[in-house]
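Notes follow once the structure below has been shown.
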Amino acid sequence: LEERDAKTDRINQESSEFVQESYKRSADLGRLSYEEFHPRGEIGQSMYRGVFDDLLQIAHLNCAANWESYDESQIYDSNEQFDRLAESLDRSMTTLFVEHYPISSLQSKKEATKGLIWQFDKVAHLAGHRHIEAHVNYVDPSTDRMFVDHIAPYPHTWNGRRPGFFAILIDRNGGGVLQVHTLPIPGLEDGTKCRRRVNCGRCHSGFEFWFSDRSFKCGKEPDRIDGHPCIPFLTCYRCPGEAWSFWYSRLFWACGYEGEENS
C-alpha cells in the first residue's frame, strides 16, 4: 500500500473496466457467455471464464494469476479468486488460458498455474508482456502432459521487430487447439508519410520528422548532398559530415562549402 497512488488506482480501474466491457460487448453478439470472478479487494483485476459456441473455453487470468488486489487498509492475495475460477472450468473442453504475463515471468503462482493447465488435454496458454514472439513447451514430469505457452508479438513495430498477431485454429469436432500461427501485419516502407500516435508505429524501421518534407515519415531522412539548401541547427545536421556554410552566390545556407561542390 505504500506504493499506491492515484495513478496506480486509475490504471487498475481503467484496465479492469476495459476487459469487463470487452466481455459484455462480445456476449451481446450472442455467441459468448461468461462468468466474472471478482477480487477480494475493492481495486484489482477480475478473472473470467468464457465459453464460445459451446466449443471453446477461455480461462482469463487477466494480468496474472498472482495479481493482488487491495482497498484502503489491506492487500489481498489472489488465492481464493484463482481457486474459484479453477473450480468453474470444464476439464473436457478445449481451453485457452490467457494472461498478460508468460509462465516464465510468474512468481508466486507459477507452479499453481502450470499445475492447473496440466489438468487439461486440449489446451494452450497465450501471453504477451515482453511481446518477443516465442512458443515454449512445459511438460509435467509426473504425467508427461504438455502445454505450449505462446507469447504474442506486438501489433506494431518495436525494436526493429515486425508486427503480427496470432491466428488460432480450433478443431470444431473436439480435437483441441490445432495450430497457433503468427500472421504478419503489413507495415509501412521507408519514406512513407505517417501520423505520429496514429500509424507511425507500423513503420518497418522506425520513424522520425523529415525536415525536408516537414512531416513525419518512416525511416531516417536521407543525408543531403553538397549544395542542398538547409536551415542551420535545424536541417543542416543532415549534411554529409554535418558540414554546411552560407553560399553567397545563392544567398542561402547549404550543405558543404561554396566552390568545393565539384571538386
Side-chain angles (χ1 to χ4, degrees), residues 11-12 14-16 18-20 22-23 26 32 34 37 44-50 52 55-68 78 81-82 85-86 89 91 93-141 143-171 175-187 201-206:
I11 292 174
N12 237 325
E14 289 180 355
S15 60
S16 181
F18 173 80
V19 174
Q20 185 181 64
S22 297
Y23 272 97
S26 297
L32 176 78
Y34 72 94
F37 299 89
Q45 303 292 310
S46 290
M47 297 181 185
Y48 295 84
R49 175 185 182 257
F52 178 76
L55 167 71
L56 176 67
Q57 178 174 239
I58 302 169
H60 193 165
L61 301 171
N62 220 323
C63 192
N66 62 344
W67 210 248
E68 297 171 333
S78 61
Q81 181 187 21
F82 180 84
L85 172 65
L89 298 174
R91 270 62 172 173
M93 292 189 69
T94 299
T95 302
L96 294 179
F97 280 83
V98 183
E99 60 186 319
H100 175 79
Y101 284 97
I103 295 294
S104 61
S105 298
L106 299 179
Q107 297 177 6
S108 60
K109 278 289 185 182
K110 179 186 292 186
E111 295 306 316
T113 302
K114 291 193 298 182
L116 174 59
I117 300 175
W118 278 327
Q119 296 175 25
F120 296 77
D121 290 318
K122 299 171 289 188
V123 68
H125 185 273
L126 306 177
H129 187 53
R130 292 170 297 178
H131 290 284
I132 299 174
E133 184 185 352
H135 306 272
V136 184
N137 295 338
Y138 287 91
V139 180
D140 184 352
T143 65
D144 288 333
R145 283 191 169 184
M146 184 198 78
F147 70 88
V148 182
D149 186 8
H150 302 277
I151 303 170
Y154 271 119
H156 56 266
T157 301
W158 178 72
N159 280 358
R161 294 182 174 86
R162 294 293 178 93
F165 62 94
F166 282 158
I168 304 171
L169 182 62
I170 304 293
D171 186 352
V177 181
L178 300 180
Q179 186 179 27
V180 177
H181 182 68
T182 303
L183 297 179
I185 297 176
R202 293 178 53 204
C203 296
H204 280 318
S205 53

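Positions are given from 1 along the sequence.
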Looking only at non-hydrogen atoms, find the nearest pair between [X] and [Y] and report the distance.
{"X": "Lys109", "Y": "Ser78", "value": "CE-OG, 4.0 Å"}
{"X": "Leu55", "Y": "Asp171", "value": "CD1-O, 3.7 Å"}
{"X": "Ser26", "Y": "Leu32", "value": "CB-CD2, 3.6 Å"}
{"X": "Gly128", "Y": "Pro102", "value": "O-CG, 3.7 Å"}
{"X": "Gly44", "Y": "Ser16", "value": "O-OG, 3.7 Å"}
{"X": "Leu61", "Y": "Glu99", "value": "CD1-OE2, 3.5 Å"}

Rounded to the nearest 0.5 Å, what's the gap from [atom1] on [X] to [atom2] on [Y]? Could you check?
{"X": "Leu178", "Y": "Ile170", "atom1": "CG", "atom2": "CD1", "result": "7.0 Å"}
{"X": "Leu169", "Y": "His181", "atom1": "CG", "atom2": "NE2", "result": "11.0 Å"}
{"X": "Leu89", "Y": "Gln119", "atom1": "CG", "atom2": "CD", "result": "9.0 Å"}

query = Relative to the ring of Phe166, is the ring of His150 parallel (under 30°), tilted (30 to 60°) or perpendicular (over 60°)?
reply = perpendicular
task = Fit a plane to each ring of Tyr48 and Tyr34, take the angle between them on a 0 to 90° scale, and name the class: parallel (under 30°), tilted (30 to 60°) or perpendicular (over 60°).
result = tilted
Can any side-chain N or O of [X] pair as donor or acceptor with the backbone N or O of [Y] at less than 3.5 Å?
{"X": "Thr94", "Y": "Val177", "result": "no"}
{"X": "Arg49", "Y": "Gln57", "result": "no"}
{"X": "Gln81", "Y": "Phe37", "result": "yes"}
{"X": "Asp140", "Y": "Trp118", "result": "no"}

Note, [X] side chain near [Y] side chain (heavy atom, < 4.5 Å):
{"X": "Ser15", "Y": "Gln45", "answer": "yes"}
{"X": "Val136", "Y": "Ile103", "answer": "no"}
{"X": "Ser46", "Y": "Gln20", "answer": "no"}
{"X": "Val180", "Y": "Val148", "answer": "no"}

inquiry  = Per the salt bridge (Lys or Arg N to Asp or Glu O under 4.0 Å) rule, what does the pair list look like for residues 113-137, sequence neighbours excluded?
reply    = Glu111-Lys114, Asp121-Arg145
request  = Assess the pair Tyr101 and His129: is the distance between their ring centroids shorter than 6.0 Å?
outcome  = yes
request  = Please lay out, stage by stage, how Tyr23 and His60 fare under the test ring-ring contact (aromatic ring centres under 6.0 Å, His included).
outcome  = CA-CA 11 Å; Tyr23 272 97; His60 193 165; 5.7 Å; yes
task = Decide yes or no on side chain to side chain contact (heavy atoms under 4.5 Å, CB included) for Asp149 and Phe97, but give the supporting numbers first.
result = CA-CA 9 Å; Asp149 186 8; Phe97 280 83; over 6 Å; no
task = Can you sort out the partners of Phe165 under ring-ring contact (aromatic ring centres under 6.0 Å, His included), two or more places apart, ordered by chain and number?
result = none
task = Quick one: list whatever passes ring-ring contact (aromatic ring centres under 6.0 Å, His included) with Tyr138, sequence neighbours left out.
result = Phe147
task = Could you go through the side chain to side chain contact (heavy atoms under 4.5 Å, CB included) check for Leu116 and Arg91 one step at a time?
result = CA-CA 10 Å; Leu116 174 59; Arg91 270 62 172 173; 3.4 Å; yes
